[in-house]
Amino acid sequence: MKKTLVFFAAMAMLTACNTEKPANIFLQEWDTPYGTAPFSKITTDQYMPAFKAGLEEQKANIEAILANTEAPTFENTILAYENASPILDKVQGVFFNLSESDSTPEMQAIEEEVMPLITEASNEIMMNEDLYARVKAVYENSASLTREQQMLVKKIYESFERNGVGLAPEAKKRFAEINTRLAMLSQKFGQNLLAENNAFKEATGITVSEYYDFMGSCPDRAKREQVFKAYSSRGNHGDEHDNNAIVLETLRLRAEMAELLGYPNFAAYQLSNKMAGNPETVDQFLQPIMDAAMRSAKAQLKEMEKIAGHKIEAWDWSYYAEKVRAQKYALDESQTKPYFQADSVMKGVFTAASKVYGLQFEEVTGEVEVYQPSVKAYKITDADGSLIGIFYRDYYVRPTKRGGAWMNNFREQKTGVRPIIVNVCNFPAPGADPTEPQPSLLTIDNVQTAFHEFGHALHGFLSQGNYVSVSGTNVARDFVEMFSQFNENFAFVPEILANYANNWETGEPISPALVEKIQKGLKFNQGFMTGELCAASILDMKWHELSAAQLAQFTDAQSVRDFETKVCKEMGLIDIIIPRYRTTYFNHIMGSGYSAGYYGYLWSEVLAVDAWEKFKADGIFNPATAKAFRKTFLEKGGSEEPMVLYKQFRGAEPDPSALMRARGLN
């Protein structure tokens, strides 16, 4: 405990020694509404001292666990470990959220400095044999614990095993080196991709998030070809932002790491603690989906070529798909966009959560600080008025924001602590011309994305766990997407649309006829959409099923391209469709934790669709079904094995054919 006292004395000196500068905000209690971050008081020069203070505090608390002479118990070992880093948790919760949504050069420089420190500290903890021995003792004597406590102990115990604690000294050293290098490579991949996305906008005049909308509406074939080639070659130009070398080094290091732990490849390592269990199961799951998607895509290709009167190329697909949709369903995005203004869509998202779960929403303008002027903050309360959490909505594209959409936590839920959660998207910003103030109008896909990301948020908000590591979205990667995809179903339910889909200019509600067209059109173009998603999932798997020896044969960018081409041919992907993400801009697997896990979107969709079929059978707004879904899944987080929870809710394992039915591919 002596070191702990020295640490806090040092912190007191750190905060008091300089009277000219305000004290570091991360080393103080936040006297703010609901404990939200005081963004206006945070400066970039505070991050590194706060990170270092947090790492010192964590180290002191770990040493205190090891100094305890009492027999290891849940409280003095597992709970003490779980709660060892409050300062680090606070600064990470802010910094890594902002570094993704506002990645300035200053933030990137801090990230480069801090990532090795965090990784090295993690390596030191995970490879501490004395600490592992205490954790193992609790794990082996956990029968008397609650089920949630058992799951927490199991998760921590397995994290030590999966991070090299049992390796010989030289192997441990190498494992730690790999971990540190992988963290840096992931960061560099993301920074390169952000630069490439901004270069794409400069070259084409559109943002990456506008790509699919543009390709479906642009009549200029030459322009579509230019945009397609720029989009599909990001990170693959042989310049300072080329990602090929990063990809190869990352894949080699991952394979080496897996082999150090006794696995034949990284995919086997990653899947050993997921629902799927092993690569073979995933491969067998994906290929029939790909086959069905390509049968549908080939049939649609014939329809498009009849309309086009010429051979369809990759840059023609979306454009002529829209022509077919207009012909079949008399539907195009120009009809629907006026009804899907971003603020009204947010109202629809909230309406669904209110009708299903009884939640209430209140914008807290001025009361809760935001980190960007376009960000909005909301207080969420339960039906009984109790606080559920604070929600930030960061919807609009900007140059410093990475591409895509995501949910993240500023603060996670545990006993006595309600979560603070953000949804980040890249929707078009409202019009800048004050003489023609047009709001942000969303595509059908954008609307689904808004509901999707709030599905993740609900998983975090409704959590009632006692421990962060098994609360909220802290579940298996191939389970977590179930709840986001499930929530998409409410987007175009007539009862929900009636509350939010009004024409932004006239106020006219969306017509039943247009709603019917949207619902019918949701299954349109699924050969292409499912195919590109499944192709990316298979590509991810095939990269990570390679051994270290096999990856040693890859020498340059051309070998990356050749492998990708080979995999696409073997899976049966037709030539004019490419994977949703090609290797050099596949940030999900290179920088966002989905390595050998991108299949999880389709895997989770089976669960989501099967659960939705129960909702439809019982009545979509049946209170008993909604309560069971909330209690069984959303409140439980990772406190039980996923399939145990699923069977409790559904009464059986999920029906794999549900996905095919939902996508119209059966």
Side-chain angles (χ1 to χ4, degrees), residues 58 61-85 89 122 125-167 261-263 268-278 281 412-417 459 462-480 482 607 628 630-654:
Q58 181 186 60
N61 286 335
I62 294 297
E63 288 177 352
I65 296 172
L66 293 170
N68 193 325
T69 58
E70 297 176 1
T73 65
F74 179 84
E75 287 72 20
N76 70 24
T77 299
I78 301 300
L79 193 56
Y81 173 85
E82 175 80 351
N83 296 324
S85 53
D89 294 341
S122 176
I125 292 169
M126 288 287 103
M127 294 184 181
N128 188 307
E129 294 181 15
D130 293 334
L131 182 59
Y132 170 65
R134 291 186 67 90
V135 170
K136 185 178 181 182
V138 180
Y139 175 73
E140 291 176 344
N141 295 279
S142 59
S144 63
L145 300 177
T146 67
R147 184 58 179 152
E148 182 184 16
Q149 289 172 340
Q150 289 174 349
M151 290 295 290
L152 175 62
V153 173
K154 177 175 179 278
K155 187 169 188 175
I156 293 174
Y157 170 74
E158 288 181 349
S159 70
F160 277 87
E161 298 245 308
R162 293 173 65 79
N163 281 278
V165 71
L167 297 175
L261 294 172
Y263 294 92
Y269 164 71
Q270 282 288 79
L271 289 160
S272 62
N273 67 346
K274 305 299 188 295
M275 288 186 77
N278 57 70
T281 297
E412 299 194 67
Q413 184 273 329
K414 65 177 181 178
T415 300
V417 177
H459 197 187
L462 295 178
S463 175
Q464 293 293 333
N466 293 301
Y467 316 106
V468 164
S469 293
V470 289
S471 77
T473 57
N474 292 309
V475 300
R477 184 68 75 176
D478 51 7
F479 186 48
V480 73
M482 171 186 170
L607 308 178
R630 175 175 176 169
K631 294 291 183 183
T632 307
F633 291 125
L634 300 177
E635 293 186 2
K636 290 290 185 67
S639 63
E640 182 53 274
E641 297 291 352
M643 193 55 75
V644 171
L645 295 177
Y646 198 87
K647 288 179 180 178
Q648 286 176 7
F649 174 74
R650 198 68 169 97
E653 291 193 3

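All values reported here derive from a predicted model rather than from experimental measurement. No hydrogens, no waters, no symmetry mates; every other heavy atom, side chains included, goes into these values.
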Worksheet entry | Derivation of the side-chain contact (heavy atoms from CB on, under 4.5 Å) call for Glu412 and Val417 | CA-CA 8 Å; Glu412 299 194 67; Val417 177; over 6 Å; no
Using every non-hydrogen atom in the two residues, find where [X] and [Y] come nearest and quote the distance to one decimal.
X      : Y      : answer
Ala652 : Tyr646 : O-CD2, 3.7 Å
Tyr81  : Met126 : OH-CE, 2.9 Å
His459 : Gly637 : NE2-CA, 4.2 Å
Ala84  : Ile62  : CB-CD1, 4.2 Å
Ile125 : Leu131 : CG2-CD2, 3.8 Å
Asn68  : Asn76  : ND2-CB, 3.7 Å

Worksheet item: What's the verdict on salt bridge (charged side-chain N to carboxylate O under 4.0 Å, His left out) for Lys636 and Glu640, showing C-alpha distance, side-chain angles and the deciding distance?
Response: CA-CA 7 Å; Lys636 290 290 185 67; Glu640 182 53 274; over 6 Å; no
Would you compute the distance between atom [atom1] of [X] and atom [atom2] of [Y] and round it to the nearest 0.5 angstrom?
X      : Y      : atom1 : atom2 : answer
Glu63  : Asn128 : CD    : CG    : 9.5 Å
Arg147 : Leu152 : CZ    : CG    : 12.0 Å
Ile156 : Met151 : CD1   : CE    : 12.0 Å
Glu653 : Met643 : CD    : CE    : 5.0 Å

Determine yes or no for a side-chain-to-main-chain donor-acceptor pair under 3.5 angstrom, with [X] supplying the side chain and [Y] the backbone.
X      : Y      : result
Thr632 : Ala628 : yes
Asp478 : Ala276 : yes
Glu158 : Lys155 : no
Ser463 : Gly472 : yes
Ser471 : Gln413 : yes
Tyr263 : Gln270 : no
Glu82  : Val468 : yes
Arg134 : Ile78  : no
Asn163 : Met127 : no
Asn61  : Gln58  : no

Worksheet item: When you look at NZ of Lys414, are more than 12 heavy atoms from neighbouring residues, nucleotides or ligands closer to it than 6.0 Å?
Response: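 No, because the 6.0 Å sphere around NZ of Lys414 holds 12 heavy atoms or fewer from other groups.
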Worksheet entry | Derivation and outcome, side-chain contact (heavy atoms from CB on, under 4.5 Å), residues Tyr467 and Asn83 | CA-CA 9 Å; Tyr467 316 106; Asn83 296 324; over 6 Å; no
Worksheet entry | Check against side-chain contact (heavy atoms from CB on, under 4.5 Å), Asn474 and Ser469 | CA-CA 6 Å; Asn474 292 309; Ser469 293; 5.7 Å; no
Item to complete: Please tell me if the side chains of Lys274 and Leu271 come closer than 4.5 Å, counting only heavy atoms from C-beta onward.
Response: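 Heavy-atom side-chain distance check passes, below 4.5 Å.
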Could you go through residues 136-145 and list every donor-acceptor pair under 3.5 Å that involves a side-chain atom there, pairing it with any protein atom two or more places apart or in another chain?
| from | atom 1 | to | atom 2 | distance (Å) |
| --- | --- | --- | --- | --- |
| Asn141 | ND2 | Ala137 | O | 2.8 |
| Ser142 | OG | Tyr139 | O | 3.0 |

Item to complete: Evaluate side-chain contact (heavy atoms from CB on, under 4.5 Å) for Glu161 paired with Tyr132, printing each intermediate quantity in order.
Response: CA-CA 9 Å; Glu161 298 245 308; Tyr132 170 65; 2.3 Å; yes
Item to complete: Before giving the answer on salt bridge (charged side-chain N to carboxylate O under 4.0 Å, His left out), spell out for Lys647 and Glu641 the whole-Å C-alpha distance, their side-chain angles and the decisive distance to 0.1 Å.
Response: CA-CA 10 Å; Lys647 288 179 180 178; Glu641 297 291 352; over 6 Å; no
Worksheet item: Passes side-chain hydrogen bond (donor to acceptor under 3.5 Å, both in side chains), Gln149 versus Asn466? Steps please.
Response: CA-CA 9 Å; Gln149 289 172 340; Asn466 293 301; over 6 Å; no
